[in-house]
Amino acid sequence: MHVRHATIFSVLLVLFVLSVIVTQKPLFPTRSPPRLINHVNGGCDYSDGKWVRDITATTTTYGEDCPFLDPGFRCMQNGRNDSSFRQWRWQPRHGSCHLPKFNASDMLERSRNGRIVFVGDSIGRNQWESMLCMLAAAVPAGSRIKEKFGKPLSRHKGYLSMVFADYNLSMEYYRAPMLVKVDRLPPTSDGAIKRAIRLDVVPWHAARWASADVLVLNTGHWWNLHKTIKSGNYFTLGDRFNVTTNIKEAFRRSLQTVKDWALTNPRLSKRGHLFFRSYSPSHYRNRTWDTGGSCTDQWDPLTTITSERDQQEHSWINTMISSVARSMRRRHGMNKDAVFLNITYTTGLRRDGHPSRYREPETPSDAPEDCSHWCLPGVPDVWNQMMYGHLVSMGFDMGSINR
């Protein structure tokens with residue numbers, strides 16, 4: 001009897017396992033990215049597609065001679081001897097979803113008398129510099145473009161405001177890696193706590209963001225143990241420290257603060273176009289950025305993302321950002337939809353587009369490779385092209401607004 005029962009149990013177990021294998025869907029699809037995009041007024045999903053080689057791409061944009069580029073983003077000048085990373089364009093997968101070519105002259109006219117503001121970390125600055133150069137390439141000869149307050153472009157703290165004088169257009173970048181306020185604290189006796197990440201307070205310059213006509217927010221790369229707890233940066237609510245706060249919960253709380261701030265600013269919530277840009281993947285192979293990780297000698301984009309690690313890289317950040325953008329739709333007080341600008345899958349394929357070891361002059365030879373930021377011209381140009389497509393579909397045009 002025991003043998004017969006054991007045989008029956010074994011047969012049932014095999015049938016059960018087979019049923020699971022047959023019916024279970026793959027956890028990590030090899031083609032399409034997660035569906036986190038917010039469709040705008042019936043607009044397109046630009047996030048799903050492929051990179052197509054286009055040798056004309058190098059002649060239709062700006063070059064490394066653009067005066068607004070950070071030295072660390074000028075990869076060719078820093079020793080990279082191929083320009084293949086510039087020769088790709090993004091093609092959305094759905095045939096009816098056309099990504100319009102970026103028309104800098106049109107964007108300048110649409111933005112006349114306006115303010116376009118980028119807020120976030122250094123990868124947000126990557127995108128800001130890309131947009132500056134894309135627009136500057138189309139201004140008439142002799143047009144004036146200058147920093148409003150006379151600050152040097154090498155400044156990486158606070159903010160910069162570049163004015164296109166002939167269009168009365170201000171292109172601004174505000175450094176705020178966490179999107180909430182970070183206070184430097186007096187040294188403690190043990191040196192354990194250095195800064196307070198105030199989850200319920202926006203940075204001091206947020207008052208200037210509120211009057212933006214286009215506001216692009218990005219965050220994510222600093223929301224990890226290395227940049228927070230291990231660096232002596234602890235979370236606070238009100239005047240209380242919480243040294244045990246979970247990073248994911250802290251991030252969720254910070255986004256709620258940003259959302260509440262946006263919805264209580266009448267000019268932004270009623271007239272502005274708000275974008276939350278998704279996470280920009282890095283491409284360190286074998287090791288991490290500080291332990292010898294590398295992305296050198298990568299010449300072509302990936303055709304698909306199959307690695308479980310790559311699929312999961314900070315996916316929780318995108319999920320939370322997407323959720324916040326979705327919750328700010330018109331029924332919750334926004335006159336225009338907040339857009340989740342989903343560039344993660346697109347960018348995750350571009351292992352070839354980083355500065356890698358071709359860093360800014362005078363970088364020590366043993367410095368870590370840069371596999372987080374992007375060569376310019378390069379991948380962030382496509383982020384701006386996607387944003388342009390959304391703005392056009394939403395009817396963005398400062399000339400039609402009565403001031």
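What you are looking at is a predicted structure, and each value in this text was computed from that prediction instead of being measured. Residue numbers run from 1 in the order of the sequence given.
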Using atom types as modelled and distance alone, determine if a side-chain donor or acceptor of [X] lies under 3.5 Å from a backbone N or O of [Y].
X: Glu360; Y: Phe73; answer: no
X: Arg350; Y: Asp352; answer: no
X: Ser294; Y: Thr296; answer: yes
X: Tyr279; Y: His221; answer: no
X: Ser372; Y: Ser282; answer: no
X: Ser278; Y: Ile343; answer: yes

Item to complete: Run the numbers on Leu268 and Leu263 for side-chain contact (heavy atoms from CB on, under 4.5 Å), then give the verdict.
Response: CA-CA 8 Å; Leu268 175 62; Leu263 292 177; over 6 Å; no

Would [X] and [Y] count as having a side-chain donor-acceptor pair, cut-off 3.5 Å?
X: Arg115; Y: Ser170; result: no
X: Asp166; Y: Ser143; result: yes
X: Tyr388; Y: Asp106; result: yes
X: Thr303; Y: Lys50; result: no
X: Gln127; Y: Asn218; result: no
X: Asp260; Y: Gln256; result: yes

To the nearest 0.5 Å, what is the distance between [atom1] on [X] and [atom2] on [Y]?
X: Asn318; Y: Ser323; atom1: CG; atom2: OG; result: 12.0 Å
X: Asp370; Y: Ser122; atom1: CG; atom2: OG; result: 8.0 Å
X: Phe164; Y: Arg112; atom1: CZ; atom2: CZ; result: 12.5 Å
X: Asn265; Y: Ser211; atom1: CG; atom2: OG; result: 9.0 Å
X: Glu369; Y: Cys295; atom1: CD; atom2: SG; result: 5.5 Å
X: Tyr173; Y: Arg155; atom1: OH; atom2: CZ; result: 11.0 Å

Item to complete: List the steps and the verdict of side-chain contact (heavy atoms from CB on, under 4.5 Å) for Met107 and Ile116.
Response: CA-CA 11 Å; Met107 185 64 183; Ile116 301 176; 3.8 Å; yes

Worksheet item: Can Asp45 and Ser47 be said to form a side chain to side chain donor-acceptor pair (under 3.5 Å), step by step?
Response: CA-CA 6 Å; Asp45 177 2; Ser47 68; 2.5 Å; yes

Any side-chain heavy atom of [X] within less than 4.5 Å of one from [Y]?
X: Met131; Y: Met387; value: yes
X: Thr228; Y: Met178; value: yes
X: Pro361; Y: Pro71; value: yes

Practice prompt. Could you tell me which non-hydrogen atom of Phe68 sits nearest to which non-hydrogen atom of Ala136, and how far apart they are?
Written response: CE1-CB, 3.8 Å

Response to the item:
All heavy atoms of Asp381 vs all of Ser130, minimum pair found to be OD1-OG, 2.5 Å

Less than 4.0 angstrom from a charged side-chain N to a carboxylate O is my criterion; do [X] and [Y] meet it?
X: Asp48; Y: Arg93; value: yes
X: Glu64; Y: Arg86; value: yes
X: Glu249; Y: Arg253; value: no
X: Asp183; Y: Arg195; value: no
X: Arg198; Y: Asp200; value: no

Item to complete: Please lay out, stage by stage, how Asp121 and Arg175 fare under the test salt bridge (charged side-chain N to carboxylate O under 4.0 Å, His left out).
Response: CA-CA 6 Å; Asp121 55 28; Arg175 181 169 173 78; over 6 Å; no

Worksheet item: Taking Met386 as the fixed residue, which of Trp90, Phe102, Phe275 is the one that meets the side chain to side chain contact (heavy atoms under 4.5 Å, CB included) rule?
Response: Trp90

Practice prompt. Compute the ring centroids of His390 and Phe396, then answer whether they are less than 6.0 Å apart.
Written response: no

Worksheet item: With ring centroids as reference points, do Trp374 and Phe85 lie under 6.0 angstrom apart?
Response: no

Item to complete: Carefully, step by step, assess Tyr174 and Arg208 under the rule side chain to side chain donor-acceptor pair (under 3.5 Å).
Response: CA-CA 9 Å; Tyr174 293 81; Arg208 294 181 57 85; 2.7 Å; yes

Worksheet item: Considering residues, nucleotides and ligands other than Lys151, do more than 12 of their heavy atoms fall under 6.0 Å from its NZ?
Response: yes

Fill in: Charged tip of Arg89 within 45° of Trp51 ring normal and under 6.0 Å
no

Worksheet item: What's the verdict on side chain to side chain donor-acceptor pair (under 3.5 Å) for His314 and Asn224, showing C-alpha distance, side-chain angles and the deciding distance?
Response: CA-CA 10 Å; His314 296 289; Asn224 55 64; 5.5 Å; no

Worksheet item: Are Val202 and Thr257 close enough, and set up right, to give a side-chain contact (heavy atoms from CB on, under 4.5 Å), and what steps lead you there?
Response: CA-CA 7 Å; Val202 293; Thr257 296; 4.0 Å; yes

Practice prompt. Go through the steps for Thr347 and Ser280 under the test side chain to side chain donor-acceptor pair (under 3.5 Å), then give the verdict.
Written response: CA-CA 6 Å; Thr347 305; Ser280 169; 5.1 Å; no

Discussion item. Students often mix this up, so state it plainly: with edges at 30° and 60°, are the rings of His354 and His283 parallel, tilted or perpendicular?
Written reply: tilted

Item to complete: Start with the C-alpha distance between Asn126 and Trp128, add both sets of side-chain angles, then the distance that settles side-chain contact (heavy atoms from CB on, under 4.5 Å), and finish with yes or no.
Response: CA-CA 6 Å; Asn126 228 174; Trp128 172 71; over 6 Å; no

